[in-house]
Amino acid sequence: MLKLAIFASGAGSNAAKIIEHFAGHSAVKIHLIVSNKKDAGVLGIAAANHLNTLIINRHQFYETADCVAALKSAGIDFVVLAGFLWKIPLNLIEAYPNRIINIHPALLPKYGGKGMYGMHVHEAVIAAGEIESGISIHYVNANYDEGAIIFQAKCPIEPTDSPTILANKIHALEHAHFPSVIEGLLRDLT
Ligand code: GAR
C-alpha cells in the first residue's frame with residue numbers, strides 16, 4: 001500500500017475529492033492530513049473520514065525536522081499539496097525527491113510565485129484580460145510554483161466572468177482531474 005499525506009490550508013474541497021477517489025483503493029491509502037491552520041475546513045473533512053491529522057506551526061516547519069520525522073514515522077510515501085499555502089522547506093523536499101506535487105489554479109509559468117494563491121490568482125488573471133485560464137499540477141521544488149509540470153487543463157474565460165465565476169470553473173477542473181492525475185503518477189511508482 002502506498003501511503004499519502006495531503007497538505008491543505010483551507011476549505012479542502014480538493015482533499016475531499018482525493019479522499020473520495022481513493023476510498024477502498026487496492027494500492028493507495030490516504031493516511032494523513034497536514035495543515036498549518038487549526039481551523040481549516042479540511043480538518044472537518046479529515047475527521048468525517050476518520051483520518052489522522054497533523055497541525056504544524058512555522059517554527060516546527062521551518063526550523064526543526066519534526067514534520068519530516070512525523071511523515072516518516074507514519075510511513076508516508078507521497079505528499080500532495082492541495083491548497084497548501086506555505087513554501088515547502090528543503091529538508092522536506094530532500095526527504096521526498098519527486099514525491100511531492102502541488103496543484104496551482106492557473107496556467108503556470110504565468111500567475112505563479114509568492115502571493116499568487118486562491119482568489120489573488122483569479123483576480124490577476126481577470127484584471128489582465130486573459131481569455132483562458134486553467135490548472136497546473138507540478139512537482140514541488142525549492143521555489144514557489146517552479147517544479148516540472150505534470151499536467152495542465154484549460155477553461156475559457158468569458159468577458160463577463162468575475163474572479164468568483166473563474167474560481168468556480170477552476171475548482172471544477174481541479175476536482176475533475178487532480179485525483180486521476182495522482183493515481184497515474186502513483187501507478188508508475190508501484
Ligand atoms: C485550489 O484552487 C488550489 O489550486 C489553490 O487553492 C485552492 C484550494 O481549494 N492553491 C493555490 O493557490 C496554491 N498556490 P480547496 O481548499 O477547496 O481545495
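Every number for a ligand or one of its atoms is a count from 1 in the order of the listing. Any value given below was found using the heavy atoms of this structure, including those in side chains, with hydrogens, waters and symmetry copies removed.
- The heavy-atom pair separating Thr53 from Ala46 by the smallest distance is CG2-CB, 3.5 Å.
- With hydrogens and angles ignored, the 3.5 Å screen pairs no side-chain donor or acceptor of Lys17 with any backbone N or O of His177.
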Are there any N/O pairs under 3.5 Å between ligand 1 and the protein, and if so, what are their distances?
residue, atom, partner, partner atom, Å
ligand 1, 2 (O), Glu174, OE1, 2.9
ligand 1, 2 (O), Glu174, OE2, 3.1
ligand 1, 4 (O), Glu174, OE2, 2.4
ligand 1, 9 (O), His171, NE2, 3.1
ligand 1, 12 (O), Gly118, N, 2.9
ligand 1, 14 (N), His104, ND1, 3.4
ligand 1, 14 (N), Met116, O, 3.4
ligand 1, 16 (O), Ala11, N, 3.4
ligand 1, 16 (O), Gly12, N, 2.7
ligand 1, 17 (O), Ser13, N, 2.9
ligand 1, 17 (O), Ser13, OG, 2.5
ligand 1, 17 (O), His171, NE2, 3.2
ligand 1, 18 (O), Ser13, N, 3.3
ligand 1, 18 (O), Asn14, N, 2.9
ligand 1, 18 (O), Asn14, ND2, 2.9

(request) Apply the test side chain to side chain contact (heavy atoms under 4.5 Å, CB included) to residues Glu130 and Lys110: give CA-CA distance (whole Å), side-chain angles for both, the deciding distance (0.1 Å), then the verdict. (result) CA-CA 11 Å; Glu130 299 283 358; Lys110 289 173 96 174; 2.9 Å; yes
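- Remark: the backbone N or O of Trp86 is not paired with any side-chain donor or acceptor of Tyr117 at under 3.5 angstrom.
- The nearest pair of heavy atoms linking Cys155 to Lys169 is SG-CB, 4.1 Å.
- Nearest heavy atom pair, residue Ser9 against residue Lys37, reads O-CD, 3.7 Å.
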